[in-house]
> 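Sharing a structure with you now.
Because the structure is a prediction, the values reported are computed rather than measured.
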Amino acid sequence: MRWERWAWTVVAGATLAAAIGGAAAADLARRYRVRRLSGVTDMAGAPTVPDPNAPDCGPVPGVPELLGAAFDPGRWDQIDLAGNGRVVAYASNATAGSPGTRAIVLLREGAETSTVAEAAGDDDQPSVQFDAFGLRMAFRGSTGAAGSTPSNVYLHTVTRGAGDDAGDETVNLTGLDTSKGRRAFDPAIAARVRSRGVTSGIEVRERDARVVFVSNGDLDKGPRPPSAEGPGRNPANLLQVFLWREQAARFEQLTANTDATAAISRPTISGDGRFVVFESNADLDPAAVNPRDPSQVGNPDRVRQLYLWRETRRGGDLRQITWSDRDCLAPRMTSDGRHVLFCSRGDLLPGGNPDGNFEVFRWSRGRPVARRLAQLTETDEGDSVLPRPLRNVRRFVFYSTAMPPLGGLDFGGGPRQCGPSALLWTRGRVRHVAGLLDAENLQLVIGGSDPVFTGPPAAVFPSKIHFATNDPVLDPPERAGAASAVRFHMARATRFRR
């Protein structure tokens, strides 16, 4: 029988074993080969949500609770990848040697690190993809000075090749008036390219990106010219989900929210731009019936549920796809639009999450009711959040305070950890990618170092998993006794068979 096994080797693994000892350290040294991708990086969403008084953290001085009861995955800035992971986009507070000025940074393998929006004050939330012409990236940004609140969605375009079209361009898509409290956020891009017939069988290829985002602007003016005056579909300026279509050069409002207090956030879009999933505590589909439990109708209790919009010949169709007793957060859709990963403390499949931990779930379009929803993690202690699907839906990376599968223990088989780890889920098995156990952090703290924080992972293929960490073992201890800086790293897996 042939089977796959993943072996990882850590650079300076011997140093790790010597520094903190233990079976877990030796296991880490066998599993990882890690390469640093960036210089000193102060992440825009710094990997700390400290709560030193949080319960069940264990006797680890100086190691705060990161995934406590108040944890919201939306507080994290997005790290995104393009292509096969050759381009990493992230938001940083320390760009171009100017700490405190946040901007979007692109890391390209084999090229210099570049800053996309040097003049902007607080840019973040990048969503990046390649297309046939180059690279497209949507992000939330501000045209104001450093420290300005980001309020618009921007589109950054990189065009390859020679000629007048080659080069970089950044445009403000939404153009909202910030003085009136208008804002746009949480963009996600589908970098489409379409073919269009001209004459005599000649076809031309055109960029046709679609960008989905949340805004309280009145952007959908219908079929009339964009310059025409008058209200659109959102004159009350409530939060709605919008889709920008590049070839039509217009916005389409996907929701009809009428609740001024409702929250809508984190839309995710399929590769062809035809499916969108987002979270909201509004009752956007009051007649929706849970196919597993007909007694559950709509969302009257204002829980954050997931909603699916799909493009149809008549325009679009919106429907509720979760009926959870607790919030469903941070959805991510596979590129084919068939599967959605998300995290929740809810007991969506009765009996699957009695402890109310954050667990990872998957919703699949087109499957029978009994198989449409699946719970992918189940731990006694600890929280698993921010799942990100890979090209193969049977694998995803995520972030968790559950005990990693180290030292012979199954995932979640040990006590809950204060410091989260970056993990890989593959066909029901969990692999530890980065992050130290509380006991290992304790040894570092006693030795005079700050505790290690590891940021949420991102990946396209399981062979290259990106994450941010201040782990002094992965970087030479250039500042002995000082706090180690956060840097981006890539863990590369080596697959072999036997």
Side-chain angles (χ1 to χ4, degrees), residues 6 8 10 13 16 20 22-34 43 45-50 54 56-58 60 63-68 71 73 76 79 330 343 357-360 376-388 390 395-426 429-445 450-459 462 465-474 484 486-493:
W6 296 89
W8 304 76
V10 172
L16 174 61
I20 60 178
D27 192 23
L28 281 172
R30 287 194 302 269
R31 286 180 179 270
Y32 288 88
R33 180 171 69 248
V34 177
M43 292 179 65
T48 56
V49 185
D56 303 323
C57 250
V60 186
V63 180
E65 164 79 54
L66 295 189
L67 300 183
F71 176 79
W76 287 87
I79 306 170
C343 58
N357 300 323
F358 266 120
E359 302 288 1
V360 176
L376 303 184
T377 65
E378 185 175 354
T379 59
D380 294 332
E381 297 185 36
D383 296 316
S384 298
V385 298
L386 297 176
R388 298 186 173 195
L390 308 188
R395 295 188 175 100
F396 63 87
V397 292
F398 65 108
Y399 195 48
S400 181
T401 54
M403 172 68 79
L406 298 174
L409 293 175
D410 293 331
F411 172 60
R416 175 166 161 261
Q417 302 295 295
C418 294
S421 295
L423 300 168
L424 167 68
W425 186 94
T426 174
R429 301 180 64 185
V430 174
R431 307 293 187 188
H432 185 226
V433 177
L436 299 186
L437 303 180
D438 286 353
E440 297 168 334
N441 256 323
L442 177 61
Q443 294 293 326
L444 290 176
V445 172
D450 283 353
V452 169
F453 301 109
T454 299
I465 298 175
H466 298 76
F467 59 92
T469 183
N470 65 339
D471 190 340
V473 177
L474 299 180
S484 54
V486 175
R487 294 182 173 91
F488 282 85
H489 295 73
M490 179 182 70
R492 184 183 292 275

> Looking at every non-hydrogen atom in both residues, tell me the closest pair between Arg395 and Pro462 and how far apart they are.
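In this case the closest contact between Arg395 and Pro462 is CD-CG, 3.5 Å.
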> To the nearest 0.5 Å, what is the distance between CG on Asp410 and CE on Met403?
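So the gap between those two atoms works out to 12.0 Å.
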> Quick one: closest heavy-atom pair of Pro404 and Leu437, and the distance?
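Heavy-atom minimum between the residues: CD-CD2, 3.5 Å.
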> What I'd like to find out is whether the side chain of Pro387 reaches to under 4.5 Å of the side chain of Cys343, using heavy atoms alone.
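Yes, close enough: below the 4.5 Å cut-off.
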> Applying ring pair (Phe, Tyr, Trp, His ring centres under 6.0 Å), can you list everything that pairs with Phe411, at least two apart in sequence or on another chain?
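Phe411: ring pair (Phe, Tyr, Trp, His ring centres under 6.0 Å) contacts with Phe398.
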> Please report the closest heavy-atom contact between Pro405 and Val430, naming both atoms and the distance.
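The pair with the smallest heavy-atom distance is CG-O, 3.1 Å.
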> With a 3.5 Å distance limit and no angle check, can you tell me whether Thr377 reaches the backbone of Val360 through a side-chain donor-acceptor pair?
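Side chain of Thr377 to backbone of Val360: a pair is present.
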> Might you point out which heavy atoms bring Glu381 and Arg416 nearest each other, and give the distance in Å?
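Minimum heavy-atom contact is OE1-N, 3.2 Å.
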> Please report the shortest heavy-atom distance between Ile79 and Pro456, naming the atom on each side.
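Heavy atoms of Ile79 and Pro456 come nearest at CD1-O, 4.1 Å.
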> So, taking the atom named CD1 in Ile465 and the one named NE2 in His489, what distance separates them when rounded to the nearest 0.5 Å?
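If we round to the nearest 0.5 Å, Ile465:CD1 and His489:NE2 are 14.5 Å apart.
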> Could you grab the distance from atom CZ of Phe358 to atom CG of Leu386, nearest 0.5 Å is fine?
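Output value for this atom pair is 9.0 Å.
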> Nearest heavy-atom pair of Ser400 and Leu423: which atoms, and what distance?
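The answer is CB-CD1, 3.6 Å.
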> Could you measure the distance from the CH2 atom of Trp425 to the CZ atom of Arg431? Nearest 0.5 Å is fine.
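Here the interatomic distance stands at 12.5 Å.
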> Under 4.5 Å between any side-chain heavy atoms of Leu390 and Thr426, yes or no?
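They are not in contact (no side-chain heavy atoms under 4.5 Å apart), so the answer is no.
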> Is it the case that Gln417 and Thr401 place a side-chain donor and acceptor less than 3.5 Å from each other?
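No.
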